[in-house]
Asks: 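Before I ask anything, here is the structure I am working with.
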Amino acid sequence: RPYRNTVFNDYRVVIDQVALHLFQADCRKIVYIVSSEAEEDGVRRWLARVRFYELLSEYGLPEENFRLLSLQPERSRDVKAFRDEVLNSAEKVAYLVSSSEYNRFFAEEMAEFGKVSGVDYELYTLSSFPGEIQLGHCVDMKGEIMIGKILDMFYRQCLTGKPQVGEVV
């Protein structure tokens, strides 16, 4: 149920479509790139809550083939871990990134290793905002709609002085 003063995005339909697309694209390994080690726990819990691991399993992709990787391009240790991941992957890999801020770095690194999008890997960006560089597949997580609903709810609360009924988007 929606909570007061809350906009909740039901990601389950989108996540199911992502899992299906990974299966159809013949990706046998999945790497979810996060911006920090601290973000890893939150992402892991979120993926469990939206049943992502279960969906992958239903499509024949076991959880063991899934990895979270922390990447800050300015940290050489992170870049080395990313490069090792790319070089040590014999099968087609799906890279999930939470933001397109990684796209330029990602494209340059893959080109340096001679990796071809759609053949050696698939890139899925899980959020998109106007003006961001898009590569690969972009999954519409309804960011613009969410922001609009939140601002609308905040405005209504300011006008009425009362909590607003939450919404599911």
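This one's a predicted model, so the numbers in the text were calculated from it and none came from an experiment.
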Asks: Once rounded to the nearest 0.5 Å, what's the spacing between atom SG of Cys27 and atom CG of Asn65?
Replies: 11.0 Å

Asks: Determine yes or no for a side-chain-to-main-chain donor-acceptor pair under 3.5 angstrom, with Ser89 supplying the side chain and Glu85 the backbone.
Replies: yes

Asks: Same hydrophobic cluster for Leu87 and Phe82, using side-chain heavy-atom links shorter than 4.5 Å among ILVMFWY?
Replies: yes

Asks: Roughly how far, to the nearest 0.5 Å, is CZ of Phe105 from CD1 of Ile33?
Replies: 8.0 Å

Asks: Would you compute the distance between atom NZ of Lys80 and atom CZ of Arg77 and round it to the nearest 0.5 angstrom?
Replies: 12.0 Å

Asks: How close do Lys92 and Gly118 get, counting heavy atoms only, and between which atoms?
Replies: NZ-O, 3.1 Å

Asks: I would like to know whether Ile30 and Arg67 meet side chain to side chain contact (heavy atoms under 4.5 Å, CB included); could you show each step before the answer?
Replies: CA-CA 6 Å; Ile30 301 154; Arg67 178 161 186 249; over 6 Å; no

Asks: Could you walk me through whether Phe106 and Tyr121 pass the ring pair (Phe, Tyr, Trp, His ring centres under 6.0 Å) test, one step at a time?
Replies: CA-CA 11 Å; Phe106 191 88; Tyr121 71 93; 5.4 Å; yes

Asks: Minimum heavy-atom separation for Ala19 and Leu55, please, with both atom names.
Replies: CB-CB, 4.0 Å

Asks: Which distance, rounded to the nearest 0.5 Å, do you find between the CG of Leu68 and the CG of Leu96?
Replies: 9.5 Å

Asks: Mind listing the closest non-hydrogen atom pair of Tyr124 and Ala25 along with its distance?
Replies: OH-CB, 4.1 Å

Asks: Got a sec, which residues hit salt bridge (charged side-chain N to carboxylate O under 4.0 Å, His left out) with Arg51, two or more places apart in sequence or on another chain?
Replies: Glu54, Glu58

Asks: Are Glu63 and Ser57 packed together at the side-chain level, in the sense that at least one heavy-atom pair is separated by less than 4.5 angstrom?
Replies: no

Asks: Roughly how far, to the nearest 0.5 Å, is CG of Leu47 from CZ of Arg45?
Replies: 11.0 Å

Asks: For the rings on Phe52 and Tyr32, is their centre-to-centre separation under 6.0 Å?
Replies: no

Asks: Restricting to non-hydrogen atoms, name the atom on Arg28 and the atom on Glu91 that form the minimum distance, rounded to 0.1 Å.
Replies: CB-CG, 3.8 Å

Asks: List the steps, then state whether side chain to side chain contact (heavy atoms under 4.5 Å, CB included) holds for Leu22 with Tyr59.
Replies: CA-CA 9 Å; Leu22 294 174; Tyr59 288 112; over 6 Å; no

Asks: How about Phe113 and Asp120: do any of their side-chain heavy atoms sit closer than 4.5 Å?
Replies: no

Asks: Can you tell if the side chain of Val79 reaches within under 4.5 Å of the side chain of Ser76, non-hydrogen atoms only?
Replies: no

Asks: Side chain to side chain contact (heavy atoms under 4.5 Å, CB included) for Arg44 and Tyr53? Distances and angles first, verdict last.
Replies: CA-CA 10 Å; Arg44 195 176 313 280; Tyr53 303 118; 3.6 Å; yes

Asks: Do you know which two heavy atoms are closest between Ser70 and Arg75, and how far apart they sit?
Replies: OG-NH2, 4.1 Å

Asks: Do Phe23 and Val18 belong together in a cluster built from hydrophobic side chains that touch within less than 4.5 Å?
Replies: no

Asks: Taking atom CD of Gln24 and atom CD of Gln17, what is their separation to the nearest 0.5 Å?
Replies: 8.5 Å

Asks: Salt-bridge test for Asp152 and Arg156: reply yes if a basic N is under 4.0 Å from a carboxylate O, no otherwise.
Replies: yes

Asks: Is any side-chain heavy atom of Met110 less than 4.5 Å from a side-chain heavy atom of Ser117?
Replies: no

Asks: Considering all heavy atoms of both residues, which atom of Val86 and which atom of Tyr95 are nearest to each other, and what is their separation?
Replies: CG2-OH, 3.5 Å

